[in-house]
Structures are given as structure tokens and as C-alpha cells.
Engineer: 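What follows is a single structure, and I will ask about it in a moment.
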Amino acid sequence: MAENIVIVESPAKAKTISKFLGKDFEVKSCMGHVRDLAKNEFSIDVKNNFQPHYVVLDEKKKLINELKKEVKKYNKIWLASDEDREGEAIAWHLKEVLNLPDEKTHRIVFHEITKDAILEAIKNPRNINLNLVNAQQARRILDRIVGYEVSPILWKKVKPALSAGRVQSVAVRLIVEREREINNFKESAYFKIIGYFKVIDKNGKEFELKAILDKKIETEEEVKAFLEKCKNAEYIVSDINVKPYKKSPPPPFITSTLQQEASRKFGFPVAFTMKIAQDLYESGKITYMRTDSVNLSQLALNTSKKLIEKEFGSNYVHIRNYKSKVKGAQEAHEAIRPTYIDNKTITGSDAEQKLYELIWKRTVASQMSDAEIEKTTVTISISTGDEKFIATGEVIKFDGFLKLYIESTDDDNTDEHSSDILPPIEKNQRLNFIKIEAIERFTNHPPRYNEAMLVRKLEELGIGRPSTYAPIISTIQQRGYVVKKDIPPKERIISLYTLENNIIKKSNKKEFYGGEKGKLIPDNIGLIVNDFLIQHFSEIMDYNFTANIEKEFDEIAAGNLDWIEMIKRFYEKFHPKVESTLKNASFATGERILGDDPETGKPVIVKYGKFGPVVQIGDSNDIKKPRYTALPKNKNIETLTLEEALDLFKLPKKIGIYNDKDIIVGTGKFGPYIKYGDKYYSLSKNDDPLTIDENRAIEIINEKNKIEANKIIKEFSENKNLKILNGPWGAYIKYGKKNYKIPKDKKPELLTFEECLEIIKTQKSK
DNA sequence: CAGTGAGCGAGCTTCCGCTTGACTT
């Protein structure tokens with residue numbers, strides 16, 4: 001019988017470690033936390049020093065029973081969960097649940113999975129650090145208090161099944177505030193002035209030099225005056241400034257930066273990146289994917305060095321130790337890197353190959369030399385004025401890491417400065433004038449967040465952890481607080497002035513602008529909940545709340561602060577607000593008065609009502625009942641105008657005639673619809689009931705009729721209540737009012753009456 | 001849920017952080 005059993009968190013890790021430790025060590029995994037506060041109750045005894053009530057997680061019950069039997073067989077139990085607050089707590093919970101005696105229990109940690117590191121860890125066991133465990137308990141209990149005391153307030157004051165929490169509510173706040181910033185943004189126009197010059201080198205070869213005026217001009221009058229002044233001017237190179245600079249590679253990937261680069265380079269959503277990374281990890285191709293450490297193991301550094309020397313030469317090697325910039329980083333793992341850096345590529349799905357290659361390049365590049373770049377700035381003076389044209393160019397003198405990897409940015413404004421190679425020019429050289437263009441430009445509103453940008457912002461604020469970034473994004477969408485959307489580009493006409501051959505010409509140009517893909521946008525309920533929480537729980541909603549309490553958790557971990565003391569102090573301030581909000585706060589409806597109805601003079605109001613967003617004409621206290629209509633899905637309480645609101649009351653309205661029957665558009669309980677004859681047809685998400693035209697309506701009617709016509713696959717003379725029908729997800733059996741699935745191996749059109757009855761019988765028994 | 005145009009009300013909803021399966025649509 002083996003002497004030792006090691007328990008780690010992940011099965012993939014267990015497999016690797018098992019190889020290093022050999023026969024004397026059995027290695028098992030516990031799959032993360034095994035015990036937690038009970039889900040269906042508050043589970044904190046406030047009156048009894050906040051004692052938590054822990055239960056074994058349902059999905060871990062089987063595992064724990066197995067482990068209980070298993071550990072009895074061994075003399076030494078090594079708890080090797082991660083070396084951070086959560087990992088320490090996992091070790092402690094395991095010890096408690098498995099009833100491990102002190103003398104048999106050894107706590108070990110390692111943050112790289114190499115034979116040396118693990119053997120070293122086995123030589124240096126310690127006891128469980130209870131201070132660290134208490135810091136985790138404080139974190140856990142605080143999160144439970146906030147989540148389970150505030151959420152029920154929302155159920156009463158806004159709508160059932162909503163939620164609030166230390167992390168998710170702040171994430172929503174970021175998105176709400178960005179959207180309001182955008183709504184309030186006033187764009188301003190200016191002109192970007194570009195000069196084009198001809199340069200001829202010694203051999204008579206011609207080059208075009210493009211330079212940008214050093215100031216923006218705001219009005220068309222000023223543009224005209226400037227161009228007028230430039231007529232017959234001379235253009236002289238008044239200064240050439242050459243400045244070398246160095247560019248260093250970005251650090252190896254951590255969870256958040258991997259999510260960002262996969263989003264920027266491939267357009268992967270955060271959850272997709274994590275799923276692919278998980279697959280790569282489980283098949284042993286990369287190291288652990290949920291990490292906030294930029295550290296690479298010595299082994300990885302050595303392999304990288306050899307590889308770079310071989311592939312690029314020794315002048316490309318620059319081994320570096322990166323320091324984490326992440327607030328509250330726990331650094332229990334390595335950075336995300338290929339397990340075997342010698343493997344440049346792997347086999348696998350397209351996405352797996354792409355992501356792997358990205359990780360490989362980033363890892364290797366992080367150990368390569370700085371790029372050496374020379375930036376040249378040419379100043380061109382105008383003989384008839386003080387303004388200057390500036391041309392810039394960059395020459396890469398030594399590419400270094402750029403040979404392998406270039407980090408992308410979130411900036412979609414690529415049109416600003418192009419850094420081309422400049423033609424050969426000298427100081428005091430007179431340039432041949434080609435033309436000047438003045439293009440109308442507009443200031444841009446700040447960009448909306450996409451998933452990866454939100455993760456980056458949260459990380460910057462120290463909110464959330466690598467394992468929770470993807471789930472947070474999913475939660476705030478599930479609650480209906482935010483939606484992921486594409487913003488279609490808009491069209492505008494811009495002015496363009498050209499000075500060429502001493503003539504100033506004006507023309508207009510059509511351009512598309514402001515298109516955004518996969519952006520997070522607050523929905524009505526997100527705005528209302530956000531404002532409600534800021535009004536009543538400003539401390540929790542503060543962007544620095546997490547960072548502040550993290551300092552206290554650190555104090556607990558260092559043994560300088562008692563966790564019960566800390567929680568008590570928090571609760572004494574927090575709980576009265578819960579009580580008073582429950583008692584005093586009125587329904588949060590986001591109500592806005594848009595103005596008066598010109599027909600009746602009554603107020604037009606938009607609000608979030610009992611059944612969703614609604615517009616009403618007339619006061620609810622009026623003797624005459626107000627008129628109501630639901631707000632269409634694509635409209636927002638916060639930005640709805642009086643005109644749009646009044647338009648909604650024009651529904652239902654007739655929009656055309658088809659085959660002698662009226663087509664009527666309206667909105668009802670199930671959203672916008674078309675009524676044609678006696679039948680109803682739902683509008684798709686992209687159809688606006690106010691602007692939909694006859695042609696589109698006919699299209700919808702025909703489409704639906706076609707589906708209807710194909711709906712019945714088979715009917716039975718034996719029983720008219722039994723039918724085989726075509727639904728959105730394939731064929732199914734309808735019997736009375738209930739539906740039944742058809743087994744995959746059966747062909748729906750060949751089913752007999754008896755076979756159908758058999759299917760119904762077996763599915764009913766389930 | 002497999003298609004429509006109200007209004008009963010019991011019992012339920014919910015947090016953040018660790019980890020992987022076992023499951024559909």
C-alpha cells in the first residue's frame with residue numbers, strides 16, 4: 001500500500017504530478033471548492049458572531065464520499081491546493097470535511113508544475129494557515145451578505161428574480177455610465193488639413209510626401225482663409241528631427257490579456273476563449289488558463305532562450321522577469337504558456353490552433369529583445385504663415401520581438417497617423433507643392449465596452465477574479481441588465497476642400513461612421529436597478545469598494561485583524577440601510593414625463609411597469625383611466641422622445657391591403673404583431689412596428705403561411721388529437737395539448753399510430 | 001411554449017470563487 005495521498009484541485013494537474021511523484025504517491029483531485037454556504041438560505045448566524053453554515057456542495061457529495069474512504073488508507077495526506085486565499089480555504093474545508101487528523105495532514109504549495117518544484121514542496125510541508133482561511137471566510141461571508149440582503153430588496157422594489165452583488169452591480173454601473181456619457185456626448189466638427197508634396201531624389205525618382213497641419217481648424221470660413229493664404233506659398237523643410245526609441249514586448253498572457261487579444265485578433269467572445277483554453281489545458285498543451293501571474297518557470301525561460309537562439313539568433317534573446325500590475329493579484333499559478341515551448345503548432349480544431357499559436361508567440365516574444373525604432377519628424381514651414389505641416393515616419397532599425405508578435409489595441413481609429421518610411425529629404429529643402437486637402441472630421445464619443453474591454457476595466461479596478469470574468473458577463477446579461485449588440489454604422493455627408501493648381505474647390509463626400517460590433521449596452525431594467533442601487537447603497541457601488549475591503553482581507557491574512565470584527569463593522573453600517581430601504585424606498589420605475597399630449601393636454605409618461613416598459617397618456621390618479629401601450633423592445637425608457645411615444649399610440653394601424661384583406665400592425669402582450677384576416681403574425685426583432693411597410697408585412701405573412709403549410713407531417717384517422725408536426729426544432733408529436741419528442745433513430749413521416757402511442761407512453765413514464 | 005391580446009396568487013428567485021463534467025437547444 002502506498003504511504004501518501006496528495007489532493008490537488010484539478011484532474012489535469014493530478015495527472016502530471018502523479019508522473020513526477022511515482023508509485024509512493026497516490027494523487028487525487030477535489031475539483032475546486034467542496035463546501036460552501038448553503039445556497040437556499042442565508043447561512044450566516046448574525047447573532048452568533050456571524051458563524052457560517054457550510055454544507056458539502058451537491059455536485060461534490062459523491063467525490064467527498066470517495067475521498068473519505070480513500071484517505072483512510074494512507075498515513076500522510078498532502079493538501080496541495082493553490083497557494084492563495086481560496087486555495088488555502090479549500091485545503092481547510094477538505095481537512096474539516098474529511099476529518100483529517102492534524103498529525104497526518106501536510107499542507108504543501110508549488111506554483112510551477114515541475115518535478116523539482118514538487119519535490120521541493122514535499123520537503124517543506126507546513127500547517128494550514130488559518131489567517132489566510134479567515135480572510136477567505138470574510139470575503140465569502142461579505143459577498144453573501146451583500147448578495148442575499150440586497151437582491152430581495154430588488155424583488156420587492158423593482159421586479160422578481162433580479163440580483164445585486166459586489167462585482168456584478170459595479171460591472172453594470174460601468175456599462176450604464178459609459179452609455180450615458182455617450183448619450184450626453186456632443187460631437188464637434190473640425191477640419192483635418194493634409195498637405196501633399198513631391199520630392200525628387202538624386203536619381204530623379206519621384207516620391208509623394210504627406211504631412212499634417214499642426215493645428216485643427218474648426219470652421220469652413222477659417223479653412224477657406226487658410227487655403228487662400230496658401231496659394232502661391234513656398235514650402236520649406238525647416239527641421240528634421242530623428243529620435244531613436246525602444247519598444248519592449250508585452251508580458252506573457254494572463255487570463256484577462258488572453259481574453260483581450262483573442263477578442264481583438266479573432267473576435268472571440270470571452271467565454272469561447274476560455275472554453276478553447278480549457279480544452280488546450282486538459283489535453284496538456286498549455287499551462288493553467290485561470291491565472292493573474294505573468295511569471296514563467298525557469299524551465300520555460302531556458303527553453304525559450306534556446307528556441308530563440310536557434311530560430312532568430314542570440315541577439316534576439318532577452319530573458320525577462322515580469323512583475324504583475326494587477327491589483328490584488330494572488331499569483332498562485334504561472335502565466336499562460338505552451339507546456340512545451342518547442343511545439344510551435346499543434347493539431348486540433350481551427351480555434352484551438354489559432355489560440356495556441358497566439359499563446360506560443362506571446363510567450364516566446366516576451367523573452368525577445370526590444371525593437372529599436374527610429375522616428376523621424378519633418379517640419380515643413382509655409383512662407384505665407386506661421387502654421388507648420390508635420391510629416392512623421394518610422395524606420396525599424398532592429399525588429400527584435402516584433403519579428404514574432406505585435407499586440408493589438410482597442411482603438412479602431414486607424415486613420416490618424418500613418419507611419420510610413422519617409423522619402424530622402426534634407427533640411428532647408430524646398431518642396432514641390434501638389435495639393436492641400438481639408439477634410440471635415442468629428443470628435444468621437446468614448447467607445448462602448450465589449451466583453452474583453454469590460455474584463456480589462458474590472459481587472460484595473462481589482463474587481464472579480466480570473467475564474468469569474470466570463471461568468472460575470474453571462475450573469476449581467478441573463479438578468480437583463482445589459483444586452484450584447486451590434487451598433488450599425490450611420491451615414492453622413494462631410495465637406496472636403498482642396499487647393500490644387502491655385503484653385504480652391506469644395507466637394508461633399510459620403511462616409512459611414514460609428515459602427516460597433518458585439519458591444520454591451522444597458523437595457524431598461526439595468527438602468528433602473530443601477531440608479532436604485534446607487535441611491536441606496538452608494539458604498540457597495542463605489543468603484544473602490546472592492547479595493548478597500550481587499551486591504552482589510554490582507555490585514556486578516558497577515559493576522560492583524562479579526563475577521564469577525566471586520567464583518568461586524570461592515571454589517572453594522574450596511575444592514576440599517578437594508579432595513580430603511582425596505583421600509584422607505586418606493587417602487588423604482590425609471591418614470592419620465594415626456595411632455596403633454598397635444599390632443600388631450602394630458603401628460604405623456606414612460607416607465608417600467610408591472611409587466612415591463614410602458615407608455616401612458618394621462619395621470620394614474622385621473623378619474624378617467626389612462627391609455628397604455630407597451631414600449632417596443634428596441635426603445636429605451638431613458639432616450640424615448642415625446643414624438644416617438646405619441647407615435648406608439650397610433651397603433652394598431654392599417655398599413656396596407658393584400659388580397660383584399662387589411663394588414664394591421666399593433667403591439668400586444670407578446671410584442672409587435674401583424675393582423676391579417678383572422679390571423680396574427682409576430683414581427684421579428686429587427687422589424688419596427690412604427691416604420692414597417694406593406695411589402696415587408698406581406699413577406700412576413702407569406703413566410704409564416706409557408707411554415708404553417710408545411711407544419712403537418714402526418715395525421716391519423718384513428719385519433720384526430722394525435723398529429724406529427726414540424727416545429728422550429730424539427731418534428732414532434734402533438735397529442736392533445738402536450739408535445740413529445742421523436743427518438744432520433746425514427747423517421748417522423750414513417751411513424752405509425754401505434755408507434756406514436758408507444759413514444760407517448762414511454763415519455764410520460766419519465 | 002409549438003402560438004396570442006390579461007390582471008387569482010403560493011412559492012420561488014439571489015452572492016462570489018474554486019473546479020469539471022453531464023446535459024439540451
Side-chain angles (χ1 to χ4, degrees), chain A residues 8-14 29-44 57 59-60 62-63 81-82 84-91 93-94 136 138-156 159-169 171 275 278-279 281-282 288-290 330 332-333 463-472 475 478-479 540 546 609-611 628-630 652 666-673 675 678-682 704 707-708 711-712 723 725-734 737-741:
Chain A
V8 295
E9 288 181 46
S10 119
K13 205 170 173 179
S29 58
C30 69
M31 318 259 191
H33 276 296
V34 296
R35 209 167 67 149
D36 191 17
L37 300 173
K39 226 170 102 180
N40 53 357
E41 52 169 59
F42 192 56
S43 301
I44 299 163
L57 291 162
E59 66 269 26
K60 299 288 163 59
K62 205 177 137 203
L63 179 84
S81 45
D82 295 343
D84 60 9
R85 202 162 67 199
E86 298 296 327
E88 202 68 19
I90 288 173
H93 280 297
L94 278 170
Q136 192 274 348
R139 198 279 304 156
R140 180 68 191 91
I141 287 164
L142 183 133
D143 280 338
R144 171 54 66 92
I145 291 172
V146 172
Y148 274 39
E149 291 209 344
V150 179
S151 298
I153 303 178
L154 297 178
W155 306 344
K156 284 213 177 82
K159 180 177 135 165
L162 293 175
S163 64
R166 173 176 59 83
V167 174
Q168 58 169 282
S169 297
K275 162 103 178 65
Q278 176 96 30
D279 290 344
Y281 168 66
E282 283 174 13
Y288 197 58
M289 64 283 152
R290 291 185 280 262
Q330 311 237 340
H333 302 96
I463 299 172
R465 305 275 314 133
S467 66
T468 59
Y469 294 140
I472 291 161
T475 301
Q478 268 173 21
R479 300 278 173 274
I540 308 294
T546 292
K610 199 173 175 187
F611 306 108
Y628 291 98
T629 186
T667 55
K669 184 179 177 183
F670 301 105
Y673 65 88
K675 192 177 177 209
D678 299 330
K679 289 176 84 175
Y680 292 91
Y681 302 83
S682 293
K704 170 98 180 272
I707 293 169
E708 285 277 289
K711 196 176 158 185
I712 297 171
K723 286 172 188 158
L725 300 177
N726 231 335
W729 300 305
Y732 65 98
I733 296 170
K734 188 181 178 81
K737 283 193 170 175
K738 288 203 163 176
N739 302 315
Y740 302 89
K741 223 167 62 184

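Just so we're on the same page: letters track the sequence lines, and every chain starts at 1.
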Engineer: Once you apply a heavy-atom cut-off of 4.0 Å, does A:Val146 come out as touching a base, just sugar-phosphate, or nothing?
Structural biologist: nothing

Engineer: Give me, pair by pair, the N or O atoms of the protein and of nucleotides 18-23 of chain B that are less than 3.5 Å apart, along with how far apart they are.
Structural biologist:
| from | atom 1 | to | atom 2 | distance (Å) |
| --- | --- | --- | --- | --- |
| B:dC18 | OP1 | A:Arg465 | NE | 3.1 |
| B:dC18 | OP2 | A:Ser467 | OG | 2.7 |
| B:dC18 | O3' | A:Glu9 | OE1 | 3.4 |
| B:dC18 | O2 | A:His33 | N | 2.5 |
| B:dT19 | OP1 | A:Tyr288 | OH | 2.6 |
| B:dT19 | OP2 | A:Tyr288 | OH | 2.6 |
| B:dT19 | OP2 | A:Arg290 | NE | 3.0 |
| B:dT19 | O5' | A:Tyr288 | OH | 3.3 |
| B:dT19 | O4' | A:Gly32 | N | 3.4 |
| B:dT20 | OP1 | A:Ser10 | OG | 3.1 |
| B:dT20 | OP2 | A:Gln278 | NE2 | 3.2 |
| B:dT20 | OP2 | A:Arg290 | NH2 | 2.7 |

Engineer: At 4.0 Å (heavy atoms only), tell me whether A:Arg166 reaches a base, stays on the sugar-phosphate, or touches nothing.
Structural biologist: sugar-phosphate

Engineer: When rounded to the nearest Å, what value does the distance between C1' atoms of B:dT25 and B:dA2 take?
Structural biologist: 14 Å

Engineer: Do A:Arg85 and A:Arg140 make a side-chain contact, defined as non-hydrogen atoms from C-beta onward lying under 4.5 Å apart?
Structural biologist: no

Engineer: What are the two closest heavy atoms between A:Ser29 and A:Leu63, and how far apart are they?
Structural biologist: O-CD1, 3.8 Å

Engineer: So what does the secondary structure string of DNA chain B come out as, 5' to 3', with Watson-Crick or wobble pairs under 3.5 angstrom, [ ] for crossing and | for pairs with another strand?
Structural biologist: .........................

Engineer: Do the side chain of A:Glu9 and the main chain of A:Gly87 share a donor and acceptor less than 3.5 angstrom apart?
Structural biologist: no

Engineer: Hey, what's the ring geometry for A:Phe42 with A:Tyr148, parallel, tilted or perpendicular (30° and 60° as the breaks)?
Structural biologist: tilted

Engineer: Using a 4.0 Å heavy-atom cut-off, does A:Gly87 contact any base of the nucleic acid, only the sugar-phosphate backbone, or nothing at all?
Structural biologist: nothing

Engineer: On DNA chain B, compare the nucleotides closest to A:Tyr673 and A:Ala38; which residue's is nearer the 5' end?
Structural biologist: A:Tyr673

Engineer: Could a donor-acceptor pair under 3.5 angstrom be found where the side chain of A:Arg140 meets the base of B:dC15?
Structural biologist: yes

Engineer: Would you tabulate the pairs of protein nitrogen or oxygen atoms and nucleotide nitrogen or oxygen atoms of nucleotides 11-14 of chain B closer than 3.5 angstrom?
Structural biologist:
| from | atom 1 | to | atom 2 | distance (Å) |
| --- | --- | --- | --- | --- |
| B:dT13 | O2 | A:Ala161 | N | 2.4 |

Engineer: Is the shortest heavy-atom distance from the side chain of A:Ile90 to the side chain of A:His93 under 4.5 Å?
Structural biologist: no

Engineer: Give me the distance, rounded to whole Å, that separates B:dG9 from B:dT13 when you measure between the C1' atoms they each carry.
Structural biologist: 16 Å

Engineer: A:Ser163 and A:Arg479: side-chain donor and acceptor closer than 3.5 Å?
Structural biologist: yes

Engineer: Quote, to the nearest angstrom, the C1' distance that separates B:dC1 from B:dT24.
Structural biologist: 16 Å

Engineer: Rounded to whole angstroms, how far apart are CD1 on A:Ile153 and P on B:dC15?
Structural biologist: 14 Å

Engineer: Can you list everything that forms a ring-ring contact (aromatic ring centres under 6.0 Å, His included) with A:Tyr681? Sequence neighbours excluded, please.
Structural biologist: none

Engineer: Does any non-hydrogen side-chain atom of A:Ser10 lie less than 4.5 Å from one of A:Met31?
Structural biologist: no

Engineer: Output every pair passing salt bridge (Lys or Arg N to Asp or Glu O under 4.0 Å) with a member in residues 142-151 of chain A, not counting sequence neighbours, ordered by first then second residue.
Structural biologist: A:Arg139-A:Asp143, A:Asp143-A:Arg166

Engineer: For A:Tyr673, what residues pass the ring-ring contact (aromatic ring centres under 6.0 Å, His included) criterion, not counting sequence neighbours?
Structural biologist: A:Tyr680

Engineer: Could you tell me if the side chain of A:Lys13 sits less than 4.5 Å from the side chain of A:Tyr281, heavy atoms only?
Structural biologist: yes

